Asker: 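Here's a structure for you.
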Amino acid sequence: MNEPTWRHALDRAWLAVAGDEERPAEVRVDGEPGHLPSRLPVLDVAIACVGTALLAGAALCGARSVGLTTGHVAAAVRSEAHLRRDGMAAPAGFARLSRFWQTADGWLRTHANYPWHRDSLLDALGEPDDVEAAMSRERAADLAERIVAAGGVAAAVRTESEWLATPAGQAVAAAPLIEAVRTGDAEPRRRGAGPLPASGLRVLDLTRVIAGPVCTRFLAALGADVLRLDPPHRPELPGSEDSLLGKRSAVLDARTAVGHARLHELLGAADVLVHGYRPGTLDAFGLSPADLAERHPGLVTVSLSAWGTTGPWGERRGFDSIVQAASGIAMAESADERTPGAMPCQLLDHGTGYLCAAAALDGVRRQRAEGGTLHRRLSLARTAHWLLGQPRPAHAVPSAAPEGDRWLTPVDARITAVSPPGTLDGHGLSWPRPPGYGTAEPRW
């Protein structure tokens, strides 16, 4: 029998999380291929990311088997498209100005879902009456740099070889899929115990959009008490229920003395911090690795960024669609080798989210055994580089019949969502609480 095509990706993902340790459980994948037809091994990598998170959970709770179904994984990495509110589908994922634009020399990808990014984009262009015409007159790289300098989010569309020829692309390629750093000699912690891998763990969630929320909602499904914090001056967009599944949500202004003190009170009682801020952004709040090791010894921190911690783009904003455009994925998915395309799901977001969950769980396990304050760093760009390096389908895989609705489950009277993917020792997972933005108090 031929080796399953997802096995290679799972091996690489588990190596990134746990080094040369043996897998703690057997992984079984049922179902047909073809749920995420692509020129890249999208379904294989999605299976690997979800499977690795479950393996990291199995290592904590002693489970001996991990089960996945291809259709469930495919639905899970498109969960935002499947969510229903009062029986109605969620609104479109991208705003009017979040798209590809043809420029004088190629293509540009912009992201303007948040009002402040939209305003920065228009400011950079000089508030034109016709945005499309303004884009068409300039070079893509020049437009991208001007938009980024104004606080917006954009990237010129490149091929994979063009990206790897840039200093930013070279820095990403040189980084590990998951960077692991230990700071200080904190004593091992013994908190957390129960039937699920993350039972008893407190996770402070400073993330939004997709990747970070995928991580923390999966930790919630695995038993963690997850508290998400959002700043009042940057509210989440309407229709964010998919990112809030399983967790409590509170608003806290850490720029005030009272809010800053509360943030550190929460960290003092937390086991894991997951944040999606650009490298260095949180240092002013006393959340640098050195500060955390001194003030909150033994904490496990997982940080997620678009471009990683090194290179000229280390502090640049980015989203899944932007990284697809810059890294060569958009052109790899082109139907005609001229017009950029896209993967059938936002795999960089979802895949990195599950890898973040794996890194958090593995960090907790290692902290219990070895002590220290542990930091795990991941980026969408490094996941993109890993994806592009995987064996690609030799030929088109026939599309499987869509079965996303099969995996929908009621969360409350209004919300229906894709259930958490996978099983541990044959037992499935569920969302422990319904979504509710800003409805909780900032306390454990």
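What you are looking at is a predicted structure, and each value in this text was computed from that prediction instead of being measured.
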Asker: Measure up the Phe319 and His117 rings against each other and bin them: parallel (under 30°), tilted (30 to 60°), perpendicular (over 60°).
Answerer: perpendicular
Asker: Once side-chain hydrogen bond (donor to acceptor under 3.5 Å, both in side chains) is applied, do any residues pair with Gln324, and if so which ones, sequence neighbours excluded?
Answerer: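 Result, side-chain hydrogen bond (donor to acceptor under 3.5 Å, both in side chains) vs Gln324: Asp320.
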Asker: Work out which heavy atom in Val203 is nearest to a heavy atom in Ala224; give both atom names and the distance.
Answerer: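 It is CG2-CB, 3.8 Å.
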Asker: Using only atom types and a distance under 3.5 Å, with no angle test, would you say the side chain of Ser79 pairs donor to acceptor with the backbone of Ala75?
Answerer: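 No: the side chain of Ser79 does not pair with the backbone of Ala75.
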Asker: Checking side chain to side chain contact (heavy atoms under 4.5 Å, CB included) between Cys356 and each of Thr207, Val302, Ile178, Thr216, which is the one that passes?
Answerer: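 So, applying the side chain to side chain contact (heavy atoms under 4.5 Å, CB included) to Cys356 and each of Thr207, Val302, Ile178, Thr216, only Val302 qualifies.
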Asker: Show the nearest heavy-atom pair for residues Ala25 and Leu55, with the distance to one decimal.
Answerer: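 Nearest pair, atom of Ala25 first, then Leu55: O-CD2, 3.5 Å.
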Asker: Check whether any side-chain N or O of Trp386 sits under 3.5 Å from a backbone N or O of Pro176 as a donor-acceptor pair, and report yes or no.
Answerer: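 Answer holds: no.
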Asker: Taking atom CG of Leu15 and atom CG of Leu177, what is their separation to the nearest 0.5 Å?
Answerer: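 These two atoms lie 9.5 Å from each other.
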Asker: Is it true that Glu160 and Arg39 have a side-chain N and a carboxylate O under 4.0 angstrom from each other?
Answerer: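 Salt bridge between Glu160 and Arg39, a charged N being under 4.0 Å from a carboxylate O: no.
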Asker: Output yes when Glu145 and Arg139 qualify as a salt bridge under the 4.0 Å nitrogen-oxygen rule, no when they do not.
Answerer: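 Salt bridge between Glu145 and Arg139, a charged N being under 4.0 Å from a carboxylate O: no.
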Asker: Checking side chain to side chain contact (heavy atoms under 4.5 Å, CB included) between Arg228 and each of Arg208, Arg248, Arg217, which is the one that passes?
Answerer: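 Single side chain to side chain contact (heavy atoms under 4.5 Å, CB included) partner of Arg228 among Arg208, Arg248, Arg217: Arg208.
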Asker: Using a cut-off of 6.0 Å, state whether more than 12 heavy atoms not belonging to Glu32 lie near its atom CD.
Answerer: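 Counting neighbours around CD of Glu32, 12 or fewer heavy atoms of other residues, nucleotides or ligands fall under 6.0 Å, so no.
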Asker: Using 0.5 Å steps for rounding, measure from the OG1 atom of Thr110 to the CZ atom of Arg118.
Answerer: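 Between atom OG1 of Thr110 and atom CZ of Arg118 there are 12.5 Å.
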Asker: Judged by atom type as modelled, is there a donor-acceptor pair below 3.5 Å linking the side chain of Arg78 to the main-chain atoms of Pro344?
Answerer: yes
Asker: Please give me the minimum heavy-atom distance between Trp313 and Ala168, naming the atom from each residue.
Answerer: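 Trp313 and Ala168 have their closest heavy atoms at CG-CB, 3.6 Å.
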Asker: If I compare all heavy atoms of Ser65 with all of Gly426, which pair ends up nearest, and what's the gap?
Answerer: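 It is OG-N, 4.1 Å.
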Asker: Measure the shortest side-chain to side-chain distance between Gln346 and Glu80 over non-hydrogen atoms and say whether it is less than 4.5 angstrom.
Answerer: yes
Asker: Given Arg368 and Leu60, is the side-chain contact (heavy atoms from CB on, under 4.5 Å) satisfied, shown in steps?
Answerer: CA-CA 10 Å; Arg368 287 177 180 174; Leu60 270 177; 3.4 Å; yes
Asker: What's the separation between atom CG in Leu196 and atom CG in Leu424, rounded to the nearest 0.5 Å?
Answerer: 8.0 Å
Asker: Considering only residues two or more places apart or on different chains, which pairs with a residue in residues 202-240 satisfy ring pair (Phe, Tyr, Trp, His ring centres under 6.0 Å)?
Answerer: Phe218-Tyr354
Asker: Does Thr166 reach the main-chain N or O of Gly169 with its side chain, forming a donor-acceptor pair under 3.5 Å?
Answerer: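 A pair under 3.5 Å: yes.
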Asker: I'd like to know if Asp271 pairs up with Arg202 as an ion pair, taking the criterion as any Lys NZ or Arg NE/NH1/NH2 lying under 4.0 Å from an Asp or Glu carboxylate oxygen.
Answerer: no
Asker: Tell me, do Leu43 and Val77 make a side-chain contact under 4.5 Å, heavy atoms counted?
Answerer: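 The answer is no; the side chains never approach within 4.5 Å.
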Asker: Provide the closest heavy-atom pair for Ser98 versus Asn113 in the form atom of the first, atom of the second, distance.
Answerer: OG-OD1, 2.8 Å
Asker: Does atom CG of Asp336 have more than 12 heavy-atom neighbours, drawn from other residues, nucleotides or ligands, at distances under 6.0 Å?
Answerer: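 Yes.
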Asker: Donor-acceptor pairs under 3.5 Å, side chain of residues 432-439 to any protein atom, not counting sequence neighbours: which ones?
Answerer:
unit_1: Tyr437; atom_1: OH; unit_2: Glu236; atom_2: N; d: 3.1
unit_1: Thr439; atom_1: OG1; unit_2: Gly436; atom_2: O; d: 2.9

Asker: Over all heavy atoms of both residues, which pair between Val323 and Ala306 is shortest? Give the atoms and the distance, please.
Answerer: CG2-O, 4.1 Å
Asker: Could you name each residue pair satisfying ring pair (Phe, Tyr, Trp, His ring centres under 6.0 Å) that touches residues 47-91, not counting sequence neighbours?
Answerer: His72-Trp407
Asker: Could you check whether any side-chain heavy atom of Leu204 comes within less than 4.5 Å of a side-chain heavy atom of Leu267, counting everything from C-beta outward?
Answerer: yes
Asker: Could you grab the distance from atom CG of Asp230 to atom CG of Leu206, nearest 0.5 Å is fine?
Answerer: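 CG of Leu206 is found 8.5 Å from CG of Asp230.
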Asker: Any chance you could measure Thr159, atom OG1, to Met331, atom CE, to the nearest 0.5 Å?
Answerer: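 If we round to the nearest 0.5 Å, Thr159:OG1 and Met331:CE are 8.0 Å apart.
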Asker: Regarding Glu138 and Arg146, does a basic nitrogen lie under 4.0 Å from an acidic carboxylate oxygen?
Answerer: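 Yes.
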Asker: Is there side-chain contact between Ser327 and His385, with at least one heavy-atom pair below 4.5 Å?
Answerer: no
Asker: May I ask you to test the Met135-Leu108 pair for a side-chain heavy-atom distance under 4.5 Å?
Answerer: yes
Asker: In the structure I gave you, are the side-chain heavy atoms of Ser321 and Phe100 within less than 4.5 Å of one another anywhere?
Answerer: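 No, side chains not in contact.
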Asker: Check whether Trp101 forms a cation-pi arrangement with Arg99 (NZ or CZ under 6.0 Å from the six-membered ring centre, at most 45° off the ring normal).
Answerer: yes
Asker: The criterion is salt bridge (Lys or Arg N to Asp or Glu O under 4.0 Å); which residues satisfy it with Arg406, sequence neighbours excluded?
Answerer: Glu403
Asker: What's the spacing between His275 NE2 and Leu304 CG if we round to 0.5 Å?
Answerer: 9.0 Å
Asker: My understanding is that only residues two or more places apart in sequence, or in another chain, count here; which of them pass side chain to side chain contact (heavy atoms under 4.5 Å, CB included) with Ser136?
Answerer: none
